[in-house]
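Below: the structure, in structure tokens.
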2 protein chains.
Amino acid sequence: MSKKEKIIKVASKYFSEVGYDKASLDDVAKEVGVSKAAIYYHFKDKFALYEAVLCSRFGELAKIIDKIDESKPIEALREYIESFGKFLVDKPCFSAIFARELADGAMNMPQSCSKQMSLNLQKLSKILQNGEAENIFAKENAFMVQMMIVTPLINYRTTKKLREVVMANLRDVKNIDVDLEDIIPNLASKIIKALKC
Amino acid sequence: MSKKEKIIKVASKYFSEVGYDKASLDDVAKEVGVSKAAIYYHFKDKFALYEAVLCSRFGELAKIIDKIDESKPIEALREYIESFGKFLVDKPCFSAIFARELADGAMNMPQSCSKQMSLNLQKLSKILQNGEAENIFAKENAFMVQMMIVTPLINYRTTKKLREVVMANLRDVKNIDVDLEDIIPNLASKIIKALKC
DNA sequence: CCTTACTTACTTACTCGTCAGTAAGTTTAT
DNA sequence: ATAAACTTACTGACGAGTAAGTAAGTAAGG
């Protein structure tokens, strides 16, 4: 792995763990084993490094989503949700970064990333429209459905500690802290049920 | 309104708009019309001010949720979702702060707040259990249902600009940017449908 | 095949701005 | 008079970004 790739990898860990502002490039440099100026050799500034992290992830995701066959609406919707879920499981840093980005109003999301998010939404929109044409789904606001899928999943990862605190507070509420992997098919089934005519 | 209350109000605006780290107490002080040291007269440090903001909001929310009559599961669930939604509409600063807190893993959420969040979850859990006992709902993970309710709603507010960007990218995907008020009953119906046996 | 010119990929050592937090003094209300 | 509610003016630390230097490699010319 090149130094540049290593910088991206370590930076994505820091951005994920502590957020953009608290992530210190001094720390990133120290962990990579280079000087801070080496980061500035490869990236124009802190934000360019963040862009590199974000774009690589959103690019991978968009590729996966793009492959989904949208002809059978229910199967396609399940695959859409499960693909997204699997991506979060595979890329543990992505959940927190994405969640922060949404919470932040996607204020500093590079154009290329928002374009790829748009493509994902377009895919979902087509799936829903096909379902509507076949009288399987009712007419829906695609963005809202997107939010129903994306936000519970990305925030599930980020709230692990919160679940522990809540479980400590409430002894009678059980079985709260389930693995993300088990949550995904459950959410998929619920959303499909909610959308079916 | 006392200076202290005014500080909390302005601070909550800044925390909401730019997040904890970027919110500068110099800016808060300037907008309130006091010196920064006046903030330190009323609050031990920046985090204590943040706690005050957070606790006042979570306290109000918990009071509202606590009043819900949980005997009729479906009506109670609808009221739970709509009360939460209404709270977000009434307190526009809360969405972003809550969203950031969840994205952050609720790392710096004061105990008193996580306790009140636990109480909300307990209410939801009771509603679900009553529904289960009456064979209206299946057995559910209350935390996951909580996430399905809370995360789309809080992130809906924060993603207004993202929706505009997406709509500019995709001309054929229409009617995405609906008011939060209209989203709430829609989400409530969908979640109830998803949970019904 | 070896020297010169140039590039790549860094390092060291700094600057500069911002911002949380404070010490000490001042005004205001009771 | 004295306590509460401030203000002024500062410190100290941290972190983004940079200027200047350098070792190692590559290409070109003689």
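We name chains A, B, ... by the order of the sequence lines, and we start the count at 1 in each one. Worth saying up front: this structure is predicted, and the values here are computed from it rather than measured.
- Atom-to-atom, CZ of Phe15(B) to P of dC19(C) comes out at 13 Å; the value is rounded to the nearest Å.
- Looking at the side chain of Ala37(B), the nearest of the listed nucleotides dG15(D), dG17(D), dT8(D) is dT8(D).
- Side-chain proximity of Tyr40(B) to dC10(C), dG15(D), dT22(C): nearest is dT22(C).
- In this entry the distance linking CG of Leu49(B) with P of dG21(C) reads 10 Å, nearest Å.
- The nearest whole Å value for the distance from the CG atom in Leu25(A) to the P atom in dT18(D) is 12 Å.
- Within 4.0 Å of Ala29(A), counting heavy atoms only, lies no atom of the nucleic acid at all.
- Using a 4.0 Å cut-off between charged nitrogen and carboxylate oxygen, Glu60(B) and Arg57(B) count as a salt-bridge pair.
- We find that Asp90(B) and Lys86(B) are joined by a salt bridge, their nearest charged nitrogen and carboxylate oxygen being less than 4.0 Å apart.
- Looking at heavy-atom distances under 4.0 Å, Lys3(A) makes contact with sugar-phosphate atoms alone, never a base.
- Here the C1' atom of nucleotide dA4(D) and the OH atom of Tyr41(B) are 4 Å apart, to the nearest Å.
- Between the NZ atom of Lys6(A) and the P atom of dA9(C) there is a distance of 17 Å, given to the nearest Å.
- Rounded to an integer number of Å, the gap from CZ of Phe47(B) to P of dG21(C) is 11 Å.
- When the P atom of dT22(C) is taken as reference, atom NZ of Lys46(B) falls 14 Å away, rounded to whole Å.
- With ring centers used as reference points, Phe98(A) lies under 6.0 Å from Phe58(A).
- Of all nucleotides listed (dC10(C), dT7(D), dG17(D)), dT7(D) comes nearest to the side chain of Val34(B).
- In this structure, Ser35(A) reaches the bases: a heavy-atom distance under 4.0 Å links it to at least one base atom across the strands shown.
- Taking side-chain N and O atoms only, His42(B) has a distance below 4.0 Å to OP1 or OP2 of dC6(D).
- Straight-line distance from the CG atom of Asp21(A) to the P atom of dC14(D): 17 Å, rounded to whole Å.
- Which of dA16(D), dT11(C), dA20(C) sits closest to the side chain of Asp26(B) comes down to dA20(C).
- At a cut-off of 3.5 angstrom, the base of dG17(D) holds at least one donor-acceptor pair with the side chain of Lys36(A).
- Lys13(B) and Glu31(B) are joined by a salt bridge, as a carboxylate oxygen and a charged side-chain nitrogen come within less than 4.0 angstrom of each other.
- Aromatic ring pairs are classed by plane angle as parallel below 30°, tilted from 30° to 60° and perpendicular above 60°; the pair Phe143(B) and Tyr156(A) is perpendicular.
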